[in-house]
Number of protein chains: 2
Amino acid sequence: MAHFNDDIIGPVAATLEYIGGRWKTVILYYLTTGKRRFGEIAARIPAISRKVLTQQLKELEVDGLIFREEFKEKPPRVEYSLTPFGESLSGVFREMSLWGKEHVSGKRQVAS
Amino acid sequence: MAHFNDDIIGPVAATLEYIGGRWKTVILYYLTTGKRRFGEIAARIPAISRKVLTQQLKELEVDGLIFREEFKEKPPRVEYSLTPFGESLSGVFREMSLWGKEHVSGKRQVAS
DNA sequence: TTCATCAGTTACCATTTTGTAACCGGCAAA
DNA sequence: TTTGCCGGTTACAAAATGGTAACTGATGAA
């Protein structure tokens, strides 16, 4: 992604290397509610196209944050879930969710 | 930015509307260490061009997260600092910094 | 026999973001 | 007199990102 050689901002920047992607935090946060199929994620986050969703999921898998389980069935089925590594981000998600609830509830209209 | 009408991911998505920009979290986190001049920020985050830095700072100011103080001097001086609203994000930064220290310290090489 | 299902992939194009270089003003130092 | 300082802004070009539509393969249902 980018490059950060700084000691102060280093750890935060390092975290962003994992969850800094456009949709990654939202995807991961949705997966904290349990194992989900590709179609479920796509339905839950309609703003993201399937192409980009595929890309983001692949990157998250490569980074070890999510686990992809593919069932060899005839209409294919794929389930995504958080790895323990991905679950270790829960503190970040919790704080983000808290802040969103406390500071932005309803204030900011969401475009479409 | 985008659109999230979802109740589950809503608060997290709302938070991302504020800090989801490419460099915003890093800038804000650097400002938690105190008031900084434009040039200091630019020097601290060399990966970002001055043009984009200007843009991100302007957005952060519009969103009420940072305060911009301009001194009418001859070589101009501008100082940026967190507003109380910006400081309210400290929990998010703390968790991100913690996670980065615990899980990525040194593992991931930073490109240049 | 044709259609729908699911989780993609691919090609192609449009949009967005980003970088680079030049420029600004007004004072002080060389 | 020219140069550097600082915090930008602007125009232009390049790169990254994004969307859309068509296609895949195997099966079961109509």
Side-chain angles (χ1 to χ4, degrees), chain A residues 1-5 13 16-28 30-31 34-63 66-82 110-112, chain B residues 1-4 13 16-28 30-31 34-63 66-81 110-112:
Chain A
M1 217 169 183
H3 36 113
F4 309 101
N5 298 317
L16 286 171
E17 298 264 339
Y18 284 90
I19 63 171
R22 179 71 184 81
W23 298 100
K24 288 183 180 175
T25 307
V26 170
I27 294 168
L28 291 169
Y30 178 47
L31 288 180
K35 189 180 293 189
R36 300 292 175 187
R37 299 183 60 170
F38 180 86
E40 292 181 285
I41 305 172
R44 189 58 102 168
I45 315 170
I48 185 173
S49 71
R50 319 191 124 236
K51 189 187 79 169
V52 175
L53 178 56
T54 305
Q55 291 170 355
Q56 301 271 294
L57 288 170
K58 201 168 287 175
E59 290 180 23
L60 290 170
E61 189 197 358
V62 166
D63 282 344
I66 65 174
F67 176 61
R68 180 179 182 278
E69 191 176 7
E70 186 177 351
F71 298 87
K72 298 289 183 184
E73 299 173 0
K74 314 322 156 2
R77 179 160 61 105
V78 178
E79 291 183 347
Y80 293 91
S81 54
L82 291 184
V110 273
S112 75
Chain B
M1 216 170 184
H3 39 110
F4 310 100
L16 287 171
E17 299 264 340
Y18 284 90
I19 63 171
R22 179 71 184 81
W23 298 101
K24 288 183 180 175
T25 306
V26 170
I27 294 169
L28 290 170
Y30 178 48
L31 288 180
K35 190 179 294 189
R36 302 291 176 188
R37 299 183 60 169
F38 180 86
E40 292 180 284
I41 305 173
R44 189 58 101 167
I45 315 171
I48 186 173
S49 70
R50 319 191 122 236
K51 190 189 77 170
V52 175
L53 177 56
T54 305
Q55 292 169 355
Q56 302 271 296
L57 288 169
K58 201 167 289 177
E59 290 180 23
L60 290 170
E61 190 197 358
V62 167
D63 282 344
I66 64 174
F67 176 63
R68 180 179 183 276
E69 192 176 7
E70 185 176 353
F71 298 87
K72 299 288 181 182
E73 298 173 1
K74 314 325 154 8
R77 180 162 59 105
V78 178
E79 293 183 346
Y80 293 92
S81 52
V110 273
S112 79

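Convention: sequence-line order gives letters A, B, ...; per-chain numbering from 1.
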Rounding to an integer number of Å, can you tell me how far [X] [atom1] sits from [N] [atom2]?
X	N	atom1	atom2	answer
B:E79	D:dG7	CD	C1'	13 Å
A:E59	D:dT17	CD	C1'	11 Å
B:K72	C:dG25	NZ	P	15 Å

Fill in the blank from the handout: Those residues at least two apart in sequence (or on a different chain) that pass side chain to side chain contact (heavy atoms under 4.5 Å, CB included) with B:R36 are B:Y30, B:L31, B:T33, B:E40, B:I41

Problem - Close side-chain approach of A:L60 to A:I27, heavy-atom, < 4.5 Å - result: yes

Handout entry: Residue pairs fulfilling side chain to side chain donor-acceptor pair (under 3.5 Å) with at least one residue in residues 49-58 of chain B, sequence neighbours excluded
Key = none

Handout entry: Base versus backbone protein contacts along nucleotides 2-19 of chain C [heavy-atom cut-off under 4.0 Å; B, S, -]
Key = ---BBBSS-B------BB

Exercise for the section: Please report the shortest heavy-atom distance between A:D63 and A:E17, naming the atom on each side. Expected result: OD2-O, 4.3 Å

Fill in the blank from the handout: Looking only at heavy atoms, the pair that brings B:I66 and B:L57 closest together is CD1-O, 3.4 Å

